[in-house]
Undergrad: 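To start, I am sharing the structure in question, which I have written as structure tokens.
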There are 2 protein chains.
Amino acid sequence: MKKNASQSAYLHAYESIRDKVLNGEIAGGTKLVEEKLAKDLGVSRTPIREAIRKLEQEDLIQDKRVVLPTEKDLREIFQVRILLEGFAARASATYMSEEAIEELQKCVDIGRNGTTEEIMKANKAFHEIILDTNNNKVMIKIMDRMQSIIYLFRKTVVYHKRPHLIDEHEQICNAIRNRNPEEAEELMKKHLEADLAFFLHFMGQD
Amino acid sequence: MKKNASQSAYLHAYESIRDKVLNGEIAGGTKLVEEKLAKDLGVSRTPIREAIRKLEQEDLIQDKRVVLPTEKDLREIFQVRILLEGFAARASATYMSEEAIEELQKCVDIGRNGTTEEIMKANKAFHEIILDTNNNKVMIKIMDRMQSIIYLFRKTVVYHKRPHLIDEHEQICNAIRNRNPEEAEELMKKHLEADLAFFLHFMGQD
DNA sequence: TCAATATTTTTTGTATACAATTTATATAAT
DNA sequence: ATTATATAAATTGTATACAAAAAATATTGA
């Protein structure tokens with residue numbers, strides 16, 4: 001009866017649906033029908049429902065439809081990101097360990113020499129290291145929930161090779177290494193504002 | 001078959017369980033057993049499960065147990081609150097309408113003359129008016145999710161009649177009326193820090 | 001033709017059954 | 001008595017059935 005899958009049907013469904021949304025296999029605006037998804041994944045509706053609820057919490061789905069984030073949505077997410085990550089950058093200048101700073105530097109290096117796939121990962125890690133330094137589970141959870149939508153966004157930015165992105169990371173890294181909280185926060189805010197502006201630029205074109 | 005309740009079983013279950021947790025009817029640390037809750041509320045396990053999932057998202061439940069927030073949890077929540085509400089207070093000084101400022105003043109007045117129940121509501125409204133002024137759905141949702149735990153906290157503060165609480169609200173209201181963003185933000189941060197300190201004081205005693 | 005209403009179909013919400021898992025309890029061996 | 005192992009009980013995860021609600025389609029009257 002139970003599939004030989006190593007994980008629960010619910011988790012499998014959650015990840016599967018999320019991935020399909022993130023890589024565009026399920027287009028924005030699509031209505032998700034429980035029975036159809038259940039059939040596709042070879043499970044019953046029960047785990048599908050739970051997966052959908054979770055995705056709704058992450059705002060990737062809104063009443064059974066895959067979201068199509070508007071410009072306003074993005075601005076709102078970034079307003080929050082700027083507050084939280086700006087704060088985290090400031091704290092990092094005071095609290096980050098030398099080892100973590102090395103990790104951060106590695107992310108910058110990969111940003112210069114890695115493959116697109118590697119760069120994606122490194123950019124995510126860069127922001128995560130800074131956030132984790134502040135050691136606030138609530139904050140981490142909030143950022144985690146926004147991650148899916150941010151992922152959609154980050155893909156575009158890296159794919160289109162935004163100018164100065166890695167330079168900005170390096171500047172932030174240096175400000176942290178030099179233990180300059182004000183500068184670290186300011187640079188992080190500028191960095192995120194530039195990210196947002198760049199993305200909105202591409203949104204307008206499609 | 002269907003109860004004559006005006007709302008869905010799921011919503012009824014959600015609200016019912018949440019309220020029982022908030023008013024202490026279900027003590028912190030209690031393991032929630034689906035079947036028991038289902039029997040109590042006269043529904044099946046299905047809507048109970050959904051309700052529990054939602055409450056888990058709000059951090060009121062963590063793997064089937066009612067949370068017992070630690071001091072660290074509270075500090076973390078307030079670190080976020082201070083960032084978001086501080087920002088909202090600053091924005092309010094610039095954008096809040098005269099009518100909304102009147103509403104804010106009313107909350108202060110009720111804080112001075114109302115019943116405990118009325119004061120609770122007015123204090124909640126005070127913070128909501130400021131947050132709503134910034135008109136950021138993402139922020140509102142984040143605060144909403146923390147609301148349950150904040151409620152547990154606010155009850156204590158009002159019940160014990162924290163000194164200066166309403167004075168601080170009035171100061172914030174005045175800073176907004178005087179269109180002074182810096183001061184509004186600073187006062188809000190101080191206000192929330194005082195709230196936190198007061199609550200931690202009582203936590204230590206029990 | 002078009003709007004209004006009825007009818008059918010699809011989809012969701014809820015209850016229930018049962019298997020899988022976890023947790024508690026009892027039994028045996030040292 | 002204490003640990004190890006077996007057994008039983010409780011609890012959760014999943015599948016399925018069916019009723020309620022929502023959405024789509026057809027039908028009627030102007």
Side-chain angles (χ1 to χ4, degrees), chain A residues 1-21 24-68 141 144-145 148, chain B residues 1-21 24-68 141 144-145 148:
Chain A
M1 184 114 289
K2 176 78 174 299
K3 288 282 161 50
N4 65 338
S6 53
Q7 48 179 356
S8 67
Y10 148 71
L11 216 66
H12 171 64
Y14 163 72
E15 289 174 359
S16 169
I17 298 168
R18 186 199 56 194
D19 291 350
K20 279 182 190 164
V21 169
E25 211 172 317
I26 304 178
T30 307
K31 170 110 187 267
L32 293 186
V33 177
E34 294 171 5
E35 201 133 17
K36 186 184 175 318
L37 291 168
K39 218 169 150 192
D40 288 356
L41 296 174
V43 296
S44 80
R45 275 174 56 215
T46 310
I48 298 288
R49 303 195 98 220
E50 303 213 337
I52 288 177
R53 293 277 162 152
K54 188 167 165 61
L55 289 164
E56 274 175 340
Q57 295 285 350
E58 287 175 20
D59 290 330
L60 216 61
I61 293 176
Q62 267 162 15
D63 37 47
K64 316 275 162 188
R65 278 179 194 284
V66 175
V67 291
L68 261 162
K141 208 168 190 174
D144 228 54
R145 284 217 184 89
S148 292
Chain B
M1 180 115 292
K2 177 78 174 298
K3 288 281 162 48
N4 65 337
S6 54
Q7 49 178 357
S8 67
Y10 149 71
L11 217 66
H12 172 64
Y14 164 72
E15 288 174 359
S16 170
I17 298 169
R18 186 198 56 194
D19 291 350
K20 279 182 190 165
V21 169
E25 209 172 318
I26 305 179
T30 307
K31 169 108 189 270
L32 294 185
V33 176
E34 294 171 6
E35 201 134 14
K36 185 183 177 318
L37 291 168
K39 217 167 149 192
D40 288 357
L41 297 174
V43 297
S44 81
R45 276 174 55 216
T46 311
I48 298 288
R49 302 195 99 221
E50 303 215 336
I52 289 177
R53 293 276 163 154
K54 189 166 164 65
L55 290 164
E56 274 176 341
Q57 295 284 350
E58 287 175 19
D59 291 329
L60 216 60
I61 293 175
Q62 270 162 13
D63 37 48
K64 315 275 163 187
R65 278 179 194 286
V66 175
V67 292
L68 260 162
K141 207 167 191 175
D144 228 55
R145 285 217 183 89
S148 293

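Bear in mind the structure is a predicted one, so any value in this text is a computation, not a measurement. The sequence lines fix the lettering, A, B, ..., with proteins before strands; numbering per chain opens at 1.
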Undergrad: Grab the CD1-P distance between I52(B) and dT11(D) for me, whole Å please.
TA: 12 Å

Undergrad: Considering only heavy atoms from C-beta outward, does the side chain of I26(A) approach that of L32(A) to under 4.5 Å?
TA: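 Side chain of I26(A) against side chain of L32(A), heavy atoms only: contact under 4.5 Å found.
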
Undergrad: For S148(B), give me all partners under side-chain hydrogen bond (donor to acceptor under 3.5 Å, both in side chains), at least two apart in sequence or on another chain.
TA: E58(B)

Undergrad: Expressed as a whole number of angstroms, how long is the span from K64(A):NZ to dA21(D):P?
TA: 16 Å

Undergrad: Side chain of R49(A) only, please: which of dA15(C), dG13(C), dT14(D) is the nearest?
TA: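 It is dG13(C).
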
Undergrad: Would you kindly give the CD1-to-P distance between I48(B) and dT11(D), to the nearest whole Å?
TA: 14 Å

Undergrad: Give the C-alpha distance, both sets of side-chain angles, the deciding distance and a yes or no for side chain to side chain donor-acceptor pair (under 3.5 Å) between Q57(A) and R145(B).
TA: CA-CA 10 Å; Q57(A) 295 285 350; R145(B) 285 217 183 89; 3.1 Å; yes

Undergrad: What is the distance, to the nearest angstrom, from the CZ atom on R53(A) to the P atom on dT12(C)?
TA: 11 Å

Undergrad: Atom CG of L11(B) and atom P of dT12(C): how far apart are they, to the nearest Å?
TA: 18 Å

Undergrad: Find the distance R65(A):CZ to dT12(C):C1' and express it as a whole number of Å.
TA: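 About 14 Å, once rounded to whole Å.
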
Undergrad: Go through the structure and list residues passing side-chain hydrogen bond (donor to acceptor under 3.5 Å, both in side chains) with K36(A), not counting sequence neighbours.
TA: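 Once residues adjacent in sequence are excluded, the partners of K36(A) under the side-chain hydrogen bond (donor to acceptor under 3.5 Å, both in side chains) criterion are D40(A).
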
Undergrad: Grab the two heavy atoms, one from I17(B) and one from A51(B), that are nearest each other, plus how far apart they are.
TA: CD1-CB, 4.3 Å

Undergrad: Holding to side-chain hydrogen bond (donor to acceptor under 3.5 Å, both in side chains), I want the full list of residues that pass it with R49(A), two or more places apart in sequence or in another chain.
TA: E34(A), E50(B)

Undergrad: Would you mind telling me which residue lines up with the more 5' stretch of DNA chain D, R45(A) or Y10(A), judged by nearest nucleotide?
TA: Y10(A)

Undergrad: Please examine the side chains of D59(A) and K141(B), heavy atoms only from C-beta on, and report whether any two atoms are closer than 4.5 Å.
TA: yes

Undergrad: Note down the inter-axis angle between the two ends of the helix from dT1(C)-dA30(D) to dT30(C)-dA1(D), five pairs each, to the nearest 10°.
TA: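 Both end axes considered, the difference amounts to 0°.
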
Undergrad: Are OP1 or OP2 of dA15(D) and a side-chain N or O of S44(A) less than 4.0 angstrom apart?
TA: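 Indeed, a polar side-chain atom of S44(A) lies that close.
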
Undergrad: Specify the separation, in whole Å, of atom CD of E50(A) and atom P of dA15(D).
TA: 11 Å

Undergrad: In whole angstroms, how far is the P atom of dG13(D) from the CG atom of D63(B)?
TA: 11 Å

Undergrad: Which residues in residues 27-40 of chain B have at least one heavy atom lying under 4.0 Å from any atom of DNA chain D?
TA: K31(B), L32(B), V33(B), E34(B), E35(B)

Undergrad: My understanding is that only residues two or more places apart in sequence, or in another chain, count here; which of them pass side-chain hydrogen bond (donor to acceptor under 3.5 Å, both in side chains) with D144(A)?
TA: none

Undergrad: I'd like to check I48(A) versus L41(A) (side-chain heavy atoms, cut-off strictly below 4.5 Å). Are they in contact?
TA: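 When only atoms from C-beta onward are counted, L41(A) and I48(A) do touch, with a gap below 4.5 Å.
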
